[in-house]
2 protein chains.
Amino acid sequence: MTKTRDSSAPASGRERILEAAVGRFSRQSYDQTGLREIAADAGVDVAYVHRAFGSKEQLFHAAVKRVMQTEKFLDDLGTDPARMLAAHVVSKSKADAGCEAGPMGILIHSLTSPKAAAVLRAVVIEDFVAPLGTQLDANATQRAALAAALLMGFSILRDVLELPVLTEGPGGSLERGLADALAVVLGQTKPEI
Amino acid sequence: MTKTRDSSAPASGRERILEAAVGRFSRQSYDQTGLREIAADAGVDVAYVHRAFGSKEQLFHAAVKRVMQTEKFLDDLGTDPARMLAAHVVSKSKADAGCEAGPMGILIHSLTSPKAAAVLRAVVIEDFVAPLGTQLDANATQRAALAAALLMGFSILRDVLELPVLTEGPGGSLERGLADALAVVLGQTKPEI
DNA sequence: GCGAGAGGTCAACACCTGTTGACTTCGGCC
DNA sequence: GGCCGAAGTCAACAGGTGTTGACCTCTCGC
């Protein structure tokens, strides 16, 4: 199998738990996900999950950190950030069948639980809005926040609520529309409309 | 007190439960909200909540329907839909201290719970995307969906994650930025940028 | 007056949750 | 060989959940 790590390493229990947690938290909410599910996915007893990570909240924190360090799609935005971001979100959310849903998945699914939101708020600010802001001009953080809003809303409507308009058909016009909106929000040169 | 109904009517128990449910579900998620909280808010025993509405899921459905029929901000979008929508979302989410958070509140807080999402998906399509689409031109539903995405993401970042950029300061430039982006998404005449 | 039924309460059930303490098993070090 | 700690398991606790059946209480129609 092509694991994300060394193919030879048998993936220690703690590591399997972390991977299982990332998978679950990317698809379900914090509240909705039970430690027993994660333990079962990892082929481990519940008690060991708790023993290895301290608490559910700490496990969630570790999972979020893992995803964020795995995917840093803000590193290479190139000359056309809007198009890059749009392309990334669109392509990423297409891989719903598999396992990895990217940072957006684990983010949008646990927005509502207060304990999870405490972690997520910090992550969104530190690992998304702030670094995106540094790549832009004046009013940077506000524009970055609006861009984040658009991307997050898009992800939610497509992956959580599964609006047919956003799930079916060739993503061409959809991606272009998203990119145009992002361009405006980010203050790039306006699209020709 | 200025209740939403007749000021003289003492608000029957069932009605108080419904109002309490709207309040709770607008601030917390479906999973996170217990029937005992709602019962306490309404000054009623838990058993009666269940007896009056059948189940938690049916109560949630009733609450969502109530909010949607109360607020139909899609009726009068006028000649500048983008600005109207932006103004509505911005002004509505400012009234967080009180009680009513509008449709967005009850929508974004329970996205993650499957039972709640079943109700919400139908509502978003029927009561938001579809009617908004009828007021637009070609590619209508797709544009409406993108607009919904922007508004929803904005609401989440502001009210759930409480990004400082979106909560503080005079809403002027913020609202203008949101309106510009909406204008592009909706296919109105482009802003002068 | 009196039965009936709506409006409402009480206590409990069955289930699921995160969490914990005691126990076992296994590999490496002296 | 024997110890020791890490890795892992087992069973159970304490608390919270939605839900249910039996019960009370008041008002209205006859």
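Numbers restart at 1 for each chain; the letters A, B, ... are given by sequence-line order, proteins then strands.
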Report task. Output yes when B/Glu19 and B/Arg24 qualify as a salt bridge under the 4.0 Å nitrogen-oxygen rule, no when they do not. Result -> no
Report summary line: Reading nucleotides 12-22 of chain C from 5' to 3' and marking B where a protein heavy atom lies under 4.0 Å of the base, S where only the sugar-phosphate is that close, and - otherwise, the string is B-----BBBBB
Query raised in the report: A/Tyr30 ring centre to A/Lys56 NZ or CZ under 6.0 Å, with the angle to the axis within 45°?
Result: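 The answer is yes; both the distance and angle limits are met.
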Query raised in the report: To the nearest Å, how far apart are B/Tyr48 OH and D/dG18 P?
Result: 19 Å
**Report entry** B/Arg24 CZ - D/dG18 P separation (whole Å)
**Finding:** 12 Å
Query raised in the report: When B/Leu111 is tested against each of A/Thr112, A/Leu111, A/Ile108, A/Ile156 for side-chain contact (heavy atoms from CB on, under 4.5 Å), which residue passes?
Result: A/Ile156
Query raised in the report: B/Asp45: what forms a side chain to side chain contact (heavy atoms under 4.5 Å, CB included) with it, not counting sequence neighbours?
Result: B/Ala47
Query - ring pair (Phe, Tyr, Trp, His ring centres under 6.0 Å) pairs, two or more places apart, involving residues 32-53 of chain A - result: none
